[in-house]
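Structure first, then comments.
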Amino acid sequence: MTNEKGHRLTACINDYIQLLKPRVISLVLLTACVGLIRAPVHMNPLLAALALLCIALGGGGASALNMWYDSDIDTLMKRTRSRPIPIGSITRKQCFNFGMTLSVLSVFILGSFTNWLAAAFLAFTIFFYLVIYTIFLKRTTPHNVVIGGAAGAFPPIIGWTAATGTVSLESIILFLIIFLWTPPHSWALSLLMKKDYEAACIPMMPNVYGHKSTVTQIFFYSLFMVLSSLFPYLIGFAGAAYGFISSALGIIFMRYAWKLRRAQHYEERIVSAKKLFFFSIFYLSILFAVLLVEISVRRIRHSIV
């Protein structure tokens, strides 16, 4: 059944999948998996899979609650107006119920089958993303993604804690990498979507402080992020392969950030921001994938020996 604009009036499975933000969840799973598998405790494979499922469902629940609260501004932005609530295929009540159900179940199951410290971190992450970031920060300060970025940085800590029941320096370093990665990634996108954020009255950095301030902050956050990405190798948590790849990727990232900072014309700025945005996704994915591959290869070698 459709409305007069041709939009569906009934929800389907794909609508609920969209509420989970699958692309975001894929990064959440990858980073949580690194925290869980690189922890110095060999977790039962079924419990490990269940823990990762809970983290993914918790992240999906938080995303759905974000769409529930932001449904008013989603209709104003080109990037988000095709989401399920703006097109009318899911109601705000359905979205809220779906998000709350996933959030509560994920926390309860994670606590019941692993430990309650990991569940507490997951619950805090959901709360932080919905209440601190979505409700309070997003519409009030241009530093929203800096502080709010903590929510997206918690998955490796949750994975590590699910395996060990504790928090360690290694998991905090993984948190720090993602935390420092979020501003350059998000601000590069905000440069591309500046008019969208203006239409929705969201005080993103380019809209409040302008292009020059934004690209300068992108450059320095990128620099701190690249330096922090070397910590796993420097403290012996990661091997030489990670050290080499993280250094190479860091140089490329800084090159993109420098080009964006030096861009003079509007078209050049847009091209540079787009390149940085897409490379930032590649950067974080490869960085954590290498950590995952390294430990997998190490364990295979040990099993052979």
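Hydrophobic clustering of Ile, Leu, Val, Met, Phe, Trp and Tyr side chains at less than 4.5 Å, counting indirect connections, unites Trp160 with Leu169. Clustering ILVMFWY residues whenever any of their side-chain heavy atoms sit less than 4.5 angstrom apart, transitively, puts Leu110 in a cluster other than the one holding Val41. Taken together through direct or relayed side-chain contacts under 4.5 Å among Ile, Leu, Val, Met, Phe, Trp and Tyr, Ile87 and Leu76 form parts of separate hydrophobic clusters. Residue Phe224 is grouped with residue Trp258 when hydrophobic side chains (ILVMFWY) are merged at heavy-atom distances under 4.5 angstrom, including chains of intermediate members. In this structure, Val271 is not a member of the same hydrophobic cluster as Phe253, with clusters built from ILVMFWY side-chain heavy atoms closer than 4.5 Å.
Judged as a side-chain hydrogen bond (donor to acceptor under 3.5 Å, both in side chains), and not counting sequence neighbours, Tyr256 has no contacts. For Arg79, the side-chain hydrogen bond (donor to acceptor under 3.5 Å, both in side chains) partners at least two apart in sequence or on another chain are Tyr197. Considering only residues two or more places apart in sequence or on other chains, Asp74 meets the side-chain hydrogen bond (donor to acceptor under 3.5 Å, both in side chains) condition with Thr80, Arg83. By the side chain to side chain contact (heavy atoms under 4.5 Å, CB included) test, Phe108 is found to be paired with Ser112, Trp116, residues two or more places apart in sequence or in another chain being considered. Residues satisfying the side chain to side chain contact (heavy atoms under 4.5 Å, CB included) test with Thr91, not counting sequence neighbours, are Lys93, Gln94. For Leu249, the side chain to side chain contact (heavy atoms under 4.5 Å, CB included) criterion is met by Ile245, Phe279, Phe282, Tyr283, Ile286, Leu287, not counting sequence neighbours. Every residue meeting the side chain to side chain contact (heavy atoms under 4.5 Å, CB included) condition with Ala188, not counting sequence neighbours, appears here in chain and number order: Leu276, Phe277. The side-chain hydrogen bond (donor to acceptor under 3.5 Å, both in side chains) test applied to Asn44 returns no partner, not counting sequence neighbours. For the ring pair (Phe, Tyr, Trp, His ring centres under 6.0 Å) test, residues two or more places apart in sequence or in another chain that qualify with Phe128 are Phe124.
To the nearest 0.5 Å, atom CG of residue Leu122 and atom SG of residue Cys54 are 7.5 Å apart. Taken to the nearest 0.5 Å, the CD1 atom of Ile270 stands 5.5 Å off from the CG atom of Leu192. Met205 CE to Lys194 NZ: the interatomic distance, rounded to the nearest 0.5 Å, is 13.0 Å. Taking CD1 of Ile37 as the reference point, atom NE2 of His42 lies at 11.0 Å (rounded to 0.5 Å). Within the model, atoms OG of Ser247 and CG of Leu230 stand 5.0 Å from one another, a figure rounded to the nearest 0.5 Å. Taken to the nearest 0.5 Å, the CD1 atom of Ile172 stands 12.5 Å off from the CD1 atom of Ile177.
Thr161 places no side-chain N or O within donor-acceptor distance of the main-chain N or O of Val167, the cut-off being under 3.5 Å. The closest donor-acceptor contact from the side chain of Thr134 to the backbone of Val131 lies at 3.5 Å or more, if one exists at all. Of the possible polar contacts, none joining the Ser89 side chain to the Ile85 backbone as a donor-acceptor pair under 3.5 Å is found. No side-chain donor-acceptor contact under 3.5 Å links Thr141 to the backbone of Leu137.
Contact record, Tyr242 with Val290: CA-CG1, 3.7 Å, taken as the closest heavy-atom pair. Between Pro232 and Ser229, the closest heavy-atom pair is CD-O, 3.3 Å. What you find for Pro142 and Trp187 is that their closest heavy atoms are O-NE1, 4.0 Å. Pairing each heavy atom of Arg269 with each of Gln264, the nearest pair is NH2-O, 3.3 Å. Contact detail for Pro86 and Thr75: the closest heavy-atom pair is CB-CG2, 3.7 Å. Listed here is the closest heavy atom pair of Val145 and Pro183: CG2-CA, 4.3 Å.
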Requested in this report: Let me see the working for Ile157 and Phe154 under side chain to side chain contact (heavy atoms under 4.5 Å, CB included), right down to the final yes or no.
Outcome: CA-CA 5 Å; Ile157 289 183; Phe154 270 110; 4.3 Å; yes
Query raised in the report: Do Leu57 and Leu105 pass the side chain to side chain contact (heavy atoms under 4.5 Å, CB included) test, and can you show the C-alpha distance, the side-chain angles, and the key distance before you say yes or no?
Result: CA-CA 8 Å; Leu57 292 178; Leu105 283 179; over 6 Å; no
Query raised in the report: Yes or no on side chain to side chain contact (heavy atoms under 4.5 Å, CB included) for Tyr133 and Ile147, after CA distance, side-chain angles and deciding distance?
Result: CA-CA 8 Å; Tyr133 170 69; Ile147 306 169; over 6 Å; no
Report task. Tell me, with the steps shown, if Ile126 and Ser106 meet side chain to side chain contact (heavy atoms under 4.5 Å, CB included). Result -> CA-CA 10 Å; Ile126 296 169; Ser106 63; 4.2 Å; yes
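The salt bridge (Lys or Arg N to Asp or Glu O under 4.0 Å) contacts involving residues 131-142 comprise Asp70-Lys138, Asp70-Arg139, Asp72-Arg139, where partners must be two or more places apart or lie in separate chains.
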Residues 20-32 side chain polar contacts: donor-acceptor under 3.5 Å, at least two apart:
residue : atom : partner : partner atom : Å
Lys21   : NZ   : Asn66   : OD1          : 3.0
Lys21   : NZ   : Tyr129  : OH           : 3.2
Ser26   : OG   : Arg23   : O            : 2.5
Thr31   : OG1  : Leu27   : O            : 3.0
Thr31   : OG1  : Val28   : O            : 3.1

Pairs of donor and acceptor atoms involving the side chains of residues 214-221, under 3.5 Å and at least two apart or interchain, shall be tabulated with distances.
residue : atom : partner : partner atom : Å
Thr214  : OG1  : Gly210  : O            : 2.7
Thr216  : OG1  : Lys212  : O            : 2.9
Gln217  : NE2  : Ser213  : OG           : 3.3

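The shortest distance between side-chain heavy atoms of Leu260 and Leu191 falls below 4.5 Å. Residues Tyr69 and Ile135 form a side-chain contact, since some pair of their non-hydrogen atoms from C-beta on lies under 4.5 Å apart. Under the 4.5 Å side-chain criterion, counting only non-hydrogen atoms from C-beta, Met193 is not in contact with Met77. For the pair Pro203 and Thr140, the minimum side-chain heavy-atom distance is 4.5 Å or more. Contact check for Ser186 versus Trp181: no side-chain heavy atoms found under the 4.5 Å cut-off. For the pair Leu36 and Pro156, the minimum side-chain heavy-atom distance is 4.5 Å or more. Using a 4.5 Å heavy-atom cutoff, the side chains of Phe96 and Leu65 are in contact. Residues Leu174 and Phe288 are in side-chain contact: their nearest non-hydrogen atoms beyond the backbone lie under 4.5 Å apart.
The existence of a salt bridge linking Glu294 and Arg38 is confirmed by a sub-4.0 Å separation between a basic side-chain nitrogen and an acidic carboxylate oxygen.
More than 12 heavy-atom neighbours from other residues, nucleotides or ligands sit within 6.0 angstrom of CZ on Arg92. Other residues, nucleotides and ligands contribute more than 12 heavy atoms inside 6.0 Å of the CZ atom of Phe237. Shown here is Arg81, whose CZ atom has more than 12 heavy atoms of other residues, nucleotides or ligands within 6.0 Å.
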